Amino acid sequence: MEYEPVIGLEVHAQMLTYSKIFCGCSTTFGEGPNSQTCPVCQGMPGVLPVLNKKVVEFAMKMSLATSCRINPECVFARKNYFYPDLPKGYQISQYALPLAEFGYVDIELNGGNKRIGITRIHMEEDAGKLVHDEHNPSSYVDLNRTGVPLIEIVSEPDIRSAEEAAAYLRRIHEILVYLEVCDGNMEQGSFRCDANVSLRPRGAEAFGIRAELKNMNSFRNVQRALEYEIKRQQYVLEGGGEVVQETRLWDDTQGVTHSMRGKEEAHDYRYFPDPDLVPIQVSDAWIDEIRRTLPELPLEKRERFLREYGIPAYDAGVLTASRALADYYEAVVKLSGKPKAASNWVMGDILRFLNEDRRDIRDCPISAESLAEMIVLIEDGTISGKIAKEVSEEMYRSGKPPRVVIEEKGLVQITDEGALEKTIETVMAANPAQLEQFRSGKDKVFGFFVGQVMKATQGKANPQLVNDLLKKMLPGT
Amino acid sequence: MKITKDEVAHVAHLARLEFDVEETEKFTSQLNDILLYMEKLNEADTTGMEPMTHAIAQKNAFREDAVLPSLPIREALSNAPDPKGEFFRVPKVIE
């Protein structure tokens with residue numbers, strides 16, 4: 001029988017605030033254990049959590065960017081369970097009345113676009129971190145993460161393959177980072193994903209029994225874990241067995257998922273409205289105010305780049321991968337007036353330099369002004385494209401503007417006809433054999449002469465002019 | 001009966017409480033009385049009323065996104081029965 005996977009994803013994204021969601025403790029990553037806690041996030045009796053307004057605004061931005069409907073009123077609820085990383089015995093989350101619902105994003109696949117529904121987006125607090133002792137029956141608790149603001153983005157079970165899941169995640173990640181509401185750092189846990197997977201006979205309506213996958217901390221691992229889990233379930237079903245509804249952990253090193261035995265899975269959280277936190281009312285005016293702050297989103301930007309700059313879709317995709325890169329490219333276009341040349345330089349040399357040094361575009365030593373100036377210098381014939389490669393390398397190394405580099409290195413293109421004619425004469429005199437070959441009709445030797453002239457001028461001769469002069473000066477042409 | 005012994009045992013387990021047979025019976029009976037009394041609320045006519053989640057009418061209590069000093073680590077750990085270094089130490093939880 002042929003099976004069809006049905007996948008739904010839950011993304012947890014850390015909101016990029018300075019302070020925690022319900023108290024003033026810092027959210028800075030990587031500080032000493034338990035150095036960022038207070039009575040509120042430690043869950044001491046008698047404390048009162050107060051909601052960080054920025055968290056609501058950031059969550060609203062993401063909701064609007066994914067076409068969700070923001071509920072006029074939403075409420076925090078207590079999700080009750082015991083685990084040592086949760087000092088209060090409950091997590092403050094949202095349940096019956098979440099911030100936003102009924103959204104979607106469009107993903108690009110090889111066979112065209114597909115719309116993936118978003119069930120809901122809600123706000124919640126993160127739990128602490130556990131470090132397990134390898135030699136003793138102890139675990140160590142760090143509560144710095146406790147109370148760090150998260151939003152949970154729950155997709156509809158619209159995803160049908162591991163590739164679609166990866167494309168969906170990339171889209172969600174890209175939007176969050178564009179909005180500057182999440183830093184998107186997967187290694188530090190600012191962007192995490194759980195997946196619900198089940199199989200059903202192709203064409204069937206009803207869903208099969210699902211497993212929940214956790215512990216996948218990269219796009220690649222999400223895809224690998226899903227591929228593995230789909231195969232595993234298929235194997236179970238084909239063998240006449242039944243998939244067990246359970247949580248499974250992805251093991252990156254072994255490339256398999258393991259059942260999460262041991263942790264009790266009583267999904268009986270006894271949610272109820274948190275009496276400490278009053279309801280949040282979101283007016284239309286507030287929604288409009290947030291909507292006005294939304295930047296151009298990646299898909300819109302991509303389409304505009306295609307339209308305005310006439311660059312290939314692939315280029316537009318690369319150049320809009322981050323907002324900073326897109327801004328850089330647009331600044332270069334604006335200053336140089338050459339969208340295609342700008343795209344070639346940014347996608348080629350600039351990104352290569354940056355990738356080699358694992359540097360962000362925001363730290364690029366070549367400013368948009370400098371790159372634009374260099375493009376203009378190529379266009380007006382001051383330097384050749386070949387020399388420009390050398391210039392750009394020096395610009396990247398020293399951070400100097402192109403004119404300074406060209407002057408310092410004496411790289412200005414030779415466009416003086418008299419000087420070039422002299423060089424050509426010298427080259428012809430030095431290569432009598434090739435001259436003879438040319439005379440006897442071997443056109444291929446023409447290229448040899450071009451090369452020799454360029455070599456003699458250290459690549460500074462204007463290539464077009466060299467061509468023209470050679471045609472004129474070489475015998476028999 | 002509004003609540004069974006099994007339900008009481010289940011909720012007790014979720015709350016990590018341990019009751020013997022006598023206690024379970026006693027609490028079942030007490031909870032039953034309480035829930036029967038709560039039934040009185042069902043006599044009120046709530047047609048057209050929005051469900052309330054909170055007892056007060058206030059909405060939108062916010063704070064600005066400003067960092068305040070956290071507790072010094074020594075104080076943060078001062079209630080921990082068995083701290084280790086800068087950590088709280090707990091019995092190992094197996095994943």
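What you see is a predicted model; the values in this text were computed from it and never measured. Here is how names work: the chains are called A, B, and so on, in the same order as the sequence lines, proteins then strands, and each is numbered from 1.
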Toward chain A: residues of residues 18-54 of chain B with heavy atoms under 4.5 Å
B:Thr53, B:His54

With no hydrogens and no angle check, is any side-chain donor or acceptor of B:Lys92 less than 3.5 Å from a backbone partner on A:Asp133?
yes

Residue set satisfying side chain to side chain contact (heavy atoms under 4.5 Å, CB included) with A:Pro87, at least two apart, ordered chain then number -> A:Leu143, A:Thr146

Can you confirm whether B:Ile56 sits close enough to A:Val278 that some side-chain heavy atom of one is under 4.5 Å from a side-chain heavy atom of the other?
yes

In this structure, are over 12 heavy atoms from other groups packed under 6.0 Å from B:Lys2 atom NZ?
no

Any residue of residues 60-88 of chain B which, by heavy atoms, sits under 4.5 Å from chain A
B:Asn60, B:Ala61, B:Phe62, B:Arg63, B:Glu64, B:Asp65, B:Ala66, B:Val67, B:Leu68, B:Ser70, B:Leu71, B:Ile73, B:Ala76, B:Leu77, B:Asn79, B:Lys84, B:Glu86, B:Phe87, B:Phe88

Among A:Glu73, A:Lys54, A:Lys53, which has the most heavy-atom pairs under 4.5 Å with chain B?
A:Lys53

Is A:Gln281 in contact with chain B via its backbone, its side chain, both, or neither, using a 4.5 Å heavy-atom distance?
both

Counterpart residues, side chain to side chain contact (heavy atoms under 4.5 Å, CB included), relative to A:Asn217 (two or more places apart)
A:Asn221

Under 6.0 Å from the NZ atom of A:Lys129, do we count more than 12 heavy atoms belonging to anything else shown?
no

Max heavy-atom pairs within cutoff under 4.5 Å with chain B, candidates A:Ser138, A:Ala96, A:Gly128, A:Pro39, goes to A:Ser138

Between A:Val55 and chain B, with a heavy-atom cut-off of 4.5 Å, which part of the residue counts as in contact: side chain, backbone, both or neither?
neither

Residue part contacting chain B, namely of A:Val50, when any heavy atom lies under 4.5 Å
both

Under 4.5 Å, counting heavy-atom pairs only, tell me which of A:Pro273, A:Pro137, A:Gly24 racks up the most with chain B.
A:Gly24

With a 4.5 angstrom heavy-atom cut-off, could you sort out which part of A:Pro84 is near chain B: side chain, backbone, both or neither?
side chain

Top of A:Asn80, A:Asn52, A:Asp142 for chain B proximity - count of heavy-atom pairs under 4.5 angstrom:
A:Asn52

Pick one of side chain, backbone, both or neither for A:Cys41, based on which atoms fall under 4.5 Å of a heavy atom in chain B.
neither

Distance from B:Arg89 atom CZ to A:Asn136 atom CG, nearest 0.5 Å?
7.5 Å

Of the backbone (N, CA, C, O) and the side chain (C-beta and beyond), which part of A:Phe272 lies under 4.5 Å from a heavy atom of chain B, both, or neither?
neither

Specify which of A:Lys20, A:Arg270, A:Gln36 makes the most heavy-atom pairs with chain B at under 4.5 Å.
A:Arg270

So which part of A:Val40 gets closer than 4.5 Å to some heavy atom of chain B, the side chain, the backbone, both or neither?
neither

So with a 6.0 Å cut-off around OH of A:Tyr271, is the heavy-atom count from everything else above 12?
yes

